[in-house]
Amino acid sequence: MAGTKTNITKNDPTTNPESKKIIDEIIDRNNHLNGATMVVLNELQSKIGFISPAMQVYVANRMGIPVSQIHGVVSFYSFFTTGPRGKHTVKFCLGTACYVGGIPQVIEKAKQILGVEPGQTTEDGEITLEVCRCVGACSQAPVVVIDEDLHGRVRPNKFPQLIKNIHPDQE
Ligand code: FES
């Protein structure tokens, strides 16, 4: 998965002095707290917008904890992303009703037409795919949430049109 790569890209926040200052400040302010890891990662996600693999290594070193611990938290909670979110977010509900109702097939279709997996953003920066837990609309399973809008009973063959609505250039 993307989170295991540790190549530092040109635009990584750890190589940008301004972002690095923000990262250091967040760590220094919270490092002594109980449950510091979660607090620090939450703040990084909201202030920087994502937690890149290089950031995970940097934070682990500065906090004196194993990288695997940071990586474990970042990959467990779908709230965290390892790269910038796209202009639009498409979330697939992985709750039981949606799972049984066919969301895996919709995810397959999404991967096919967009070339990315949940947790990743399309190359043009337009669309981020994510998974989420039950959004409380089980009777409409399977459910996809696009930005703020909930779409129920989504079938794989209907999914491309939903994407076209937010991204008309998408083939
Ligand atoms: S399981 Fe998907 S809305 Fe409840």
Side-chain angles (χ1 to χ4, degrees), residues 1-5 13 26 30 33-56 59-60 66-171:
M1 75 155 276
T4 55
K5 285 193 204 147
I26 291 173
N30 297 299
L33 299 176
N34 275 341
T37 311
M38 204 58 186
V39 178
V40 165
L41 294 178
N42 262 312
E43 278 208 37
L44 288 175
Q45 178 70 45
S46 25
K47 298 238 167 74
I48 304 283
F50 58 96
I51 306 171
S52 68
M55 280 168 73
Q56 296 175 36
V59 170
V67 182
S68 57
Q69 191 177 323
I70 300 280
H71 178 65
V73 175
V74 170
S75 35
F76 184 77
Y77 295 99
S78 60
F79 166 73
F80 296 122
T81 54
T82 55
R85 276 195 165 88
K87 212 156 106 196
H88 300 285
T89 307
V90 176
K91 290 191 195 134
F92 303 96
C93 175
L94 275 191
T96 310
C98 289
Y99 195 86
V100 174
I103 205 72
Q105 289 80 352
V106 181
I107 294 176
E108 268 317 302
K109 186 72 183 178
K111 289 204 280 201
Q112 221 178 66
I113 64 169
L114 296 170
V116 288
E117 311 230 349
Q120 299 178 335
T121 300
T122 52
E123 248 176 45
D124 60 7
E126 284 286 321
I127 299 173
T128 299
L129 299 185
E130 290 181 2
V131 292
C132 62
R133 292 166 200 212
C134 176
V135 293
C138 309
S139 62
Q140 298 182 55
V143 168
V144 175
V145 182
I146 301 184
D147 297 328
E148 301 301 312
D149 299 328
L150 191 144
H151 301 266
R153 299 192 185 88
V154 177
R155 298 291 158 219
N157 61 348
K158 294 277 175 340
F159 183 77
Q161 186 56 48
L162 292 179
I163 294 299
K164 267 198 190 316
N165 294 346
I166 53 166
H167 187 13
D169 298 340
Q170 179 63 43
E171 286 310 311

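Note that the structure is predicted; figures quoted are calculated from it, not measured. Just so you know, ligand 1 is whichever comes first in the structure, and atom 1 is the first atom listed for that ligand.
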Quiz prompt | Value rounded to 0.5 Å, distance of CG in L129 from NZ in K111 | solution = 10.0 Å
Quiz item: When rounded to the nearest 0.5 angstrom, what is the spacing between CZ in R153 and OG in S139?
Solution: 6.0 Å
Quiz prompt | Within 6.0 angstrom of F79 CZ, more than 12 heavy atoms from elsewhere | solution = yes
Quiz item: In ligand 1, which numbered atoms sit nearer than 4.0 Å to a non-hydrogen atom of V135?
Solution: 3 (S)
Quiz item: Is the distance between atom 4 (Fe) of ligand 1 and the nearest N/O/S atom of C134 smaller than 2.8 Å?
Solution: yes
Quiz item: Which ligand 1 atoms, with their elements, are less than 4.0 angstrom from a heavy-atom of G95?
Solution: 1 (S)
Self-check item: K158 atom NZ, over 12 foreign heavy atoms within 6.0 Å
Solution: no
Quiz item: Which ligand 1 atoms, with their elements, are less than 4.0 angstrom from a heavy-atom of C98?
Solution: 1 (S), 2 (Fe), 3 (S)
Practice problem: Have a look at ligand 1 and work out which part of C138, if any, has a heavy atom under 4.0 Å from it: side chain, backbone, both or neither. | Solution: both
Quiz prompt | Numbered atoms and elements of ligand 1 in range of C93, under 4.0 angstrom, heavy atoms | solution = 1 (S), 2 (Fe), 3 (S)
Self-check item: Residue that, paired with T122, satisfies side chain to side chain contact (heavy atoms under 4.5 Å, CB included) out of T128, I163, V116
Solution: V116
Quiz item: Where is the nearest protein heavy atom to atom 3 (S) of ligand 1: which residue, which atom, and how far?
Solution: A137 N, 3.3 Å
Quiz item: Do you know the tightest heavy-atom contact between M55 and F50?
Solution: CE-O, 3.3 Å
Quiz prompt | Residue A97 vicinity, atoms of ligand 1 by number, heavy atom under 4.0 Å | solution = 1 (S)
Self-check item: Shortest non-hydrogen contact between D147 and V145, atoms and distance
Solution: O-CG1, 3.5 Å
Quiz item: Is G136 near ligand 1, meaning one of its heavy atoms is under 4.0 Å from it?
Solution: yes
